[in-house]
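All values below were derived from every heavy atom in this structure, side-chain atoms included, with hydrogens, water molecules and symmetry-related copies excluded.
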Amino acid sequence: MKISILDDYHDTLRTLACFDKLTGHDVTIWNDHVQDVDTLAERLRDAEVLVLIRERTKIRSALLDRLPNLRLISQRSVYPHIDVDACTRLGVVVSSSQHLGTPSYATAELTWGLILAAMRQIPQQMSALKAGNWQIGVGSTLRAKTLGIFGYGRIGSVVAGYGRAFGMSISVWAREASLAKARADGHATAPSKAAFFEQCDIISLHMRLVDATRGIVTAADLARMKPTALMVNTSRAPLIEPGALVSALRAGRPGMAAIDVYEDEPVRDTGHPLLNMAQVVCTPHIGYVSREEYEVQFTDIFDQITAYAAGTPINVVNPDVLPSARTNRA
């Protein structure tokens with residue numbers, strides 16, 4: 001099959017062991033990021049299979065209607081960037097492993113790195129040292145502070161374990177089933193969402209972005225945080241009400257943020273407010289970007305292609321398409 005892979009920024013996928021799963025297929029890899037529909041339609045006009053790397057490119061009906069040969073979209077995790085209804089209408093199978101119960105240790109580790117970096121002012125101290133300045137301020141230790149985990153799933157539970165290892169108190173806020181799991185793991189749970197935001201010294205977000213969680217952190221929630229507190233987001237920017245984090249940081253509650261995700265990506269505007277706040281540590285959505293994590297993710301993605309080619313598609317999110325799944329729409 002003719003396979004196109006979008007947004008492989010560093011041309012990494014062909015170097016993975018799991019890439020061998022695509023042997024025998026005609027694979028084209030695009031290393032730049034393009035969202036223009038005309039450009040994408042030209043690039044993908046012959047593609048039968050489209051591989052997506054997370055939500056880097058939006059796949060909407062305006063594009064799908066111009067891809068007459070497309071039969072399968074293979075990716076991993078949630079799919080707010082894909083017009084699934086349009087795919088169903090056009091007979092395109094969407095396969096996306098939800099990898100329930102499989103922690104992303106890469107994201108958990110980056111989360112912890114950001115927490116340490118922000119609390120000890122590591123990037124700021126490094127920049128100052130390179131500029132000829134010696135010690136520009138005093139950081140804070142983690143021990144005995146309260147780490148708030150908002151969303152106790154496969155990543156949040158790992159981060160909570162890191163906090164415990166550093167001698168922190170853990171407080172969890174999540175849906176009831178997740179709260180029960182947190183209690184079973186020996187963690188405290190907050191009596192209310194308001195108390196959670198008021199009492200935690202660090203809050204880290206660990207939820208999937210779905211309709212129920214979009215904007216789940218409001219401006220009012222942020223205003224309850226301590227002026228010494230840190231907000232960490234390595235999940236998805238729209239979990240926070242649009243514009244609320246920048247406004248909250250300007251108001252001084254919370255006093256710091258460590259951010260790996262943004263409302264519009266990729267961020268190329270050096271004037272972006274988060275990039276220009278001394279109390280904010282920013283990274284370019286690299287939580288899951290490690291070689292080991294790529295092997296895990298793309299093994300799933302390429303297995304979905306193999307299964308489709310064998311006539312037994314797996315992890316199908318639009319099963320209504322299967323009876324009429326096309327072999328060619330040309």
Side-chain angles (χ1 to χ4, degrees), residues 7-12 15 31-33 53-54 56 104-145 147-148 155 158-159 162-163 165-168 200-206 222 225-237 240 243-294:
D7 297 305
D8 183 12
Y9 298 154
H10 307 293
D11 205 21
T12 303
T15 71
N31 304 127
D32 57 344
H33 173 75
I53 300 181
R54 294 299 180 107
R56 290 179 176 177
S104 172
Y105 292 107
T107 302
E109 289 174 4
L110 182 78
T111 299
W112 204 252
L114 287 174
I115 289 172
L116 285 169
M119 295 296 285
R120 296 301 300 271
Q121 304 175 337
I122 293 173
Q124 298 93 325
Q125 296 281 4
M126 289 175 63
S127 295
L129 183 60
K130 290 178 180 181
N133 298 312
W134 185 258
Q135 295 189 9
I136 60 169
V138 179
S140 297
T141 55
L142 300 180
R143 191 171 188 83
K145 288 188 170 57
L147 171 64
I155 299 175
V158 174
V159 175
Y162 295 164
F166 273 70
M168 302 185 75
C200 292
D201 296 297
I202 300 169
I203 291 177
S204 190
L205 307 184
H206 298 288
L222 296 173
M225 295 181 72
K226 301 175 184 179
T228 54
L230 168 68
M231 169 58 71
V232 185
N233 191 0
T234 56
S235 292
R236 292 294 183 273
I240 302 175
L245 181 59
V246 169
S247 295
L249 288 165
R250 286 172 174 160
R253 288 179 181 265
M256 298 175 286
I259 302 298
D260 187 49
V261 290
Y262 307 87
E263 293 175 4
D264 294 300
E265 298 182 2
V267 176
R268 303 196 188 279
D269 178 11
T270 57
H272 191 292
L274 289 175
L275 302 184
N276 290 278
M277 292 182 168
Q279 72 274 42
V280 181
V281 175
C282 294
T283 50
H285 204 158
I286 57 171
Y288 66 97
V289 183
S290 75
R291 181 167 296 277
E292 294 79 6
E293 183 69 12
Y294 266 31

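Here the straight-line distance linking atom CD of Gln125 with atom CZ of Arg120 works out to 9.0 Å at 0.5 Å rounding. Within the model, atoms CD of Gln124 and CD1 of Ile122 stand 9.0 Å from one another, a figure rounded to the nearest 0.5 Å. We find the CG-CD distance between Leu114 and Glu109 to be 12.0 Å, quoted to the nearest 0.5 Å. Within the model, atoms CG of Asn233 and OG of Ser204 stand 7.5 Å from one another, a figure rounded to the nearest 0.5 Å. The line from CD1 of Ile155 to NE2 of His206 is 7.0 Å long, rounded to the nearest 0.5 Å. The distance from atom CE of Met231 to atom CG of Leu222, rounded to the nearest 0.5 Å, is 5.0 Å.
With hydrogens and angles disregarded, no donor-acceptor distance shorter than 3.5 Å links the side chain of His10 to the backbone of Thr12. For the pair Asp264 (side chain) and Val267 (backbone), a donor-acceptor distance under 3.5 Å is absent. Distance alone, capped at 3.5 Å, places no donor-acceptor pair between the Glu265 side chain and the Arg56 backbone.
Partners of Lys145 under the salt bridge (charged side-chain N to carboxylate O under 4.0 Å, His left out) rule, at least two apart in sequence or in another chain, do not exist in this structure. Annotation: salt bridge (charged side-chain N to carboxylate O under 4.0 Å, His left out) contacts of Asp32 (sequence neighbours excluded): Arg43. Phe166 meets the ring-ring contact (aromatic ring centres under 6.0 Å, His included) test with Trp112; sequence neighbours excluded.
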Evaluate the criterion side chain to side chain contact (heavy atoms under 4.5 Å, CB included) for residue pair Asp269 and Leu275; output intermediate values, then yes/no.
-> CA-CA 9 Å; Asp269 178 11; Leu275 302 184; over 6 Å; no

Please test Arg236 against Arg54 for side chain to side chain contact (heavy atoms under 4.5 Å, CB included), starting from the C-alpha separation and ending with a verdict.
-> CA-CA 11 Å; Arg236 292 294 183 273; Arg54 294 299 180 107; 3.3 Å; yes

Tell me, with the steps shown, if Cys282 and Tyr262 meet side chain to side chain contact (heavy atoms under 4.5 Å, CB included).
-> CA-CA 10 Å; Cys282 294; Tyr262 307 87; 3.2 Å; yes

Residues Thr111, Thr234; criterion side-chain hydrogen bond (donor to acceptor under 3.5 Å, both in side chains); working and verdict = CA-CA 6 Å; Thr111 299; Thr234 56; 2.8 Å; yes

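Considering Val232, Ile240, Val261 as possible partners of Leu205, the one that fulfils the side chain to side chain contact (heavy atoms under 4.5 Å, CB included) test is Ile240. Of the candidates Thr283, Val281, Leu245, Leu245 is the only one forming a side chain to side chain contact (heavy atoms under 4.5 Å, CB included) with Ile259.
Between Thr15 and Arg291, the closest side-chain pair of non-hydrogen atoms falls below 4.5 Å. Residues Leu274 and Leu249 form a side-chain contact, since some pair of their non-hydrogen atoms from C-beta on lies under 4.5 Å apart. Inter-residue side-chain proximity for Ile202 and Met119 is flagged as met; some heavy-atom pair is nearer than 4.5 Å. In this structure, Thr107 and Glu293 have side chains that are not in contact, with every pair of non-hydrogen atoms separated by 4.5 Å or more. Side-chain contact check for Tyr9 versus Asn31: every heavy-atom pair is 4.5 Å or farther apart. Under the 4.5 Å side-chain criterion, counting only non-hydrogen atoms from C-beta, Gln121 is not in contact with Met256. Within the 4.5 Å cutoff, no side-chain heavy atoms of Leu147 are placed close to those of Cys200.
Taking every heavy atom of both residues into account, Gln279 and Gly255 meet most closely at CG-O, 3.1 Å. Asn276 and Gly271 get closest at one heavy-atom pair: ND2-C, 3.4 Å. Looking at every heavy atom in both residues, Leu230 comes nearest to Ala258 through CD1-N, 3.7 Å. When all heavy atoms are compared, the tightest approach of Pro254 to Ala229 is CB-O, 3.5 Å.
Tyr288 and Tyr294 have parallel rings, their planes meeting at less than 30° on a 0 to 90° scale where 60° marks the start of perpendicular.
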